[in-house]
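Model, not experiment: these values are computed from the prediction. Chain identifiers are assigned alphabetically (A, B, ...) following the order of the sequence lines, protein sequences preceding nucleic acid strands; residue numbering begins at 1 within each chain.
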Amino acid sequence: MEISKIEAAIEAVLFSIGDAVHINKLCEVLGQDKKTTKRIISNMCDRYEEENRGIKIVVLEECYQLCTKPAYYEYVKQISHKTREFSLTDVLVETLSIIAYKQPITKLHIEEIRGVNSNHAVNKLIEYQLVSEVGRLNAPGRPVLFGTSQDFLRCFGLESVEQLPFLEESQLSMLKNEVLEEVQLKLAD
Amino acid sequence: MEISKIEAAIEAVLFSIGDAVHINKLCEVLGQDKKTTKRIISNMCDRYEEENRGIKIVVLEECYQLCTKPAYYEYVKQISHKTREFSLTDVLVETLSIIAYKQPITKLHIEEIRGVNSNHAVNKLIEYQLVSEVGRLNAPGRPVLFGTSQDFLRCFGLESVEQLPFLEESQLSMLKNEVLEEVQLKLAD
Amino acid sequence: MSIPVKIKVFEGPLDLLLHLIDKNKLNIYDIPIAEVTDQYLAYIHQMESDKMEVMSEFIEMAAILINIKSKMLLPVDEEEEEEETGDPRQLLMDKLIEYRKFKLMASQLKELQGDALRVIYKDSTIPEEISSFLPVADPEKLLNEVDFSKLYSVFKSVMKKKTDKIDPIRSKFGEIKKEEFTVEDKMNEIKILCNRYESFSFKDLLEEQQGKVAVIVTFLAILELMKMGLIQILQEALFDDILIKFIGRNNYGN
């Protein structure tokens, strides 16, 4: 099959499915190997970047999905009912970041880190479909383990959890020093 | 606004709606007059015709809608449908053989021969287009008579049911004798 | 001194502590415990009673602080210090650092959100021709697995099985009619048993019966005799055997 036809087929599939489609599924349908398919999609991504295109391909883990470009949000907002303008409170972002970095994690562990009951925050995140149950810990009571969802990646423009911003070693030691310094200062008084 | 940006905005809007959008609505969102908008969309339509595009704009009266190009339906079909496994299990082969050699035959008769309920097997064979209803028995309840399908015959290169290599009467009595002999042998033990 | 804090501002005691350290130049080792406690108590008064659960977390933290403070006031016993598994101050420090780490990460995460939320995905719009499509089996492909010889041999074996089921000897005996029982017959049988035994097992009686009909008729006979007040049904414990006991022995017999 010609490259242009493969591209068209990928666009057609992603368009009509709407949801994220796994690379393996695309390979299977197109009869292409993974490497080729990835290369073709990467080329397509470049083309979607052109000025006169209003949509683009997002990569989520090994899945691909079509979406509108953020630049045209204002137009889309006027007409679409699907704009989700839920804003996450600091509490929710804080809880979400703990889940994102520590997943899979139990509610108890979240509460240990935050030092406060986190029922409400976790439930809200589940409601927003940013977090979901991913299993159970093999411990007494078999507590539920939470992890982030594909929607979480979408909402934060991440390809995978590995792309989460990590604190630099320097930032970490600065943090430690800050706390320690304060202690030292006081002790010196 | 530059033409390329308007094009992109139209694509983004049509994409996010998925459904048909009226020209007036588009004009309103884009802040363009009808004539300009129509001209731009017409240009876009030409571009969607290009080989490497899998989607196109369809015009319905004064409405516009993005949709998949029919040429790529096959891929969408393959990806959106769960692959179904078709296979002839032993039960199906057994039921098929009874229908093939005893046709036309009622379900009741099949069940008598097999000694078990054969609803599922018969339905599966019908679904697989190997068996079909061929008439009704002139008996109370007018039960359906089943026979092998045209497809079945075609697959075996037969022109009619009569050509099926039926069991000769002599073969049948031989079969009976075989059974009787075995029983005698067992009783003699 | 009163620190103008609203309960809503702080998610929890750790958050409050961080606030105290950051904004008020307080040191976690030198928090004016008395004042903090006063503040906590002030919160409790402001809080609705159903928020007590949340409040208790603040109080717990106050208790930890008081504990640290009191330990710091006491003379340090070197040996005892070594024995202790962990310095409570260190634990609190670690907790605070970890918590602050996530606060920082959260702020970074929040920055990512900006553009990502301005993106719209599309619902699936699978063309009607496709959504209504059901894959069909290919008869040719299916029949590749079987040929006539297989079909024939299967058929032969099925028919043979069927013939096997018919016992060639007994099938010639003709039909044997099942004996029919009446409730009266069974009642008499039971009465005879009652003459012989003071009581006997319900289970044994039913097990003796040949066939479903006999069991049902026997059961009906027992019910009838009970109604007549001639027998009594006894069961010592749940799931124990049921005993049938004759209570009208003198009037019946023969």
Provide the closest heavy-atom pair for [X] versus [Y] in the form atom of the first, atom of the second, distance.
{"X": "T68(A)", "Y": "A12(B)", "answer": "CG2-O, 3.4 Å"}
{"X": "F15(A)", "Y": "C67(B)", "answer": "CE2-CA, 3.6 Å"}
{"X": "K25(A)", "Y": "I79(B)", "answer": "CG-CG1, 3.3 Å"}

For [X], is the [atom1] atom crowded, meaning more than 12 foreign heavy atoms sit under 6.0 Å from it?
{"X": "E127(A)", "atom1": "CD", "answer": "yes"}
{"X": "Q163(A)", "atom1": "CD", "answer": "yes"}
{"X": "H120(B)", "atom1": "NE2", "answer": "no"}
{"X": "N138(B)", "atom1": "CG", "answer": "no"}

Item to check | Those residues of residues 45-55 of chain B, ordered by number, that approach chain A below 4.5 Å (heavy atom to heavy atom) | outcome: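 So far as heavy atoms go, R47(B), E51(B), N52(B), R53(B), G54(B), I55(B) are the residues that approach chain A to under 4.5 Å.
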
Checklist entry - At a heavy-atom separation under 4.5 Å, does L66(A) approach chain B through its side chain, its backbone, both, or neither? => result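 Backbone plus side chain of L66(A), per the 4.5 Å heavy-atom cut-off to chain B.
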
Item to check | Residue part contacting chain B, namely of E2(A), when any heavy atom lies under 4.5 Å | outcome: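 It is the side chain, since no backbone atom gets that close.
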
Checklist entry - Is there side-chain contact between K5(B) and Y72(A), with heavy atoms separated by less than 4.5 Å? => result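 Sidechains of Y72(A) and K5(B): in contact.
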
Next on the checklist: Using the rule side-chain contact (heavy atoms from CB on, under 4.5 Å), only one of I10(B), V29(B), I6(B), L26(B) pairs with Y75(A); which is it?
Outcome noted: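 Between Y75(A) and the candidates, side-chain contact (heavy atoms from CB on, under 4.5 Å) is satisfied uniquely by V29(B).
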
Checklist entry - Based on non-hydrogen pairs under 4.5 Å, which of A71(A), G18(A), S16(A) is most in contact with chain B? => result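 Of the options given, most contacts go to S16(A).
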
